[in-house]
Amino acid sequence: MASRPKLSGIQKQVLALYRGFLRTARLKDPEERHRIESVVSAEFRDNARNVDRRNFVYIEYLLRRGKRQLEQLKNPDITGLATLEVKK
């Protein structure tokens, strides 16, 4: 069995946030669940590609923003996740 490199604290936080979104998506209706999962997956993948791994200030900002969004999504009255696309 190959050993994996140890994850940093920020990497663990990012993975915990991702898992939190997926767990919360399971509580929503099936159609919205798939939409939430695809939005979250695309957002995390996009940030993994485009954010410099050494830019800790921006990564911490994204973590805080993600935690706020997750707390809002946990509210039973919230049915889905909206996205905002900004042209660069």
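Computed over heavy atoms, backbone and side chain alike; hydrogens, waters and symmetry mates excluded.
- The CG atom of D29 sits 9.5 Å away from atom NE2 of H34, with the distance rounded to the nearest 0.5 Å.
- Between E43 and R65 there is a salt bridge, since at least one side-chain N of the basic residue sits less than 4.0 Å from a carboxylate O of the acidic one.
- Here the CD1 atom belonging to I78 is positioned 13.5 Å from the CG atom belonging to L27, to the nearest 0.5 angstrom.
- Distance check, rounded to the nearest 0.5 Å: CD of Q72 to CG of D77 gives 12.5 Å.
- N50 places a side-chain N or O within donor-acceptor distance of the main-chain N or O of D46, the cut-off being under 3.5 Å.
- Here L63 contributes atom CG and I10 contributes atom CD1; the two are 6.5 Å apart, rounded to the nearest 0.5 Å.
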Stepwise salt bridge (Lys or Arg N to Asp or Glu O under 4.0 Å) check, E71 with K74
CA-CA 5 Å; E71 287 307 311; K74 285 180 179 179; 3.6 Å; yes
In a table with atom names and distances, give each donor-acceptor pair under 3.5 Å that connects a side chain of residues 53-62 to protein atoms at least two apart or in another chain.
residue	atom	partner	partner atom	Å
R54	NE	D52	OD1	3.4
N55	OD1	Y58	N	3.3

Would you tabulate the side-chain donor-acceptor contacts of residues 13-21 under 3.5 Å, counting partners in other chains and residues two or more places apart, or write 'none'?
none

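- Of the possible polar contacts, none joining the K28 side chain to the R35 backbone as a donor-acceptor pair under 3.5 Å is found.
- With rounding to the nearest 0.5 angstrom, the CG atom of L73 is 14.0 Å from the CZ atom of R23.
- Between the CD atom of E37 and the CD atom of E32 there is a distance of 10.5 Å, given to the nearest 0.5 Å.
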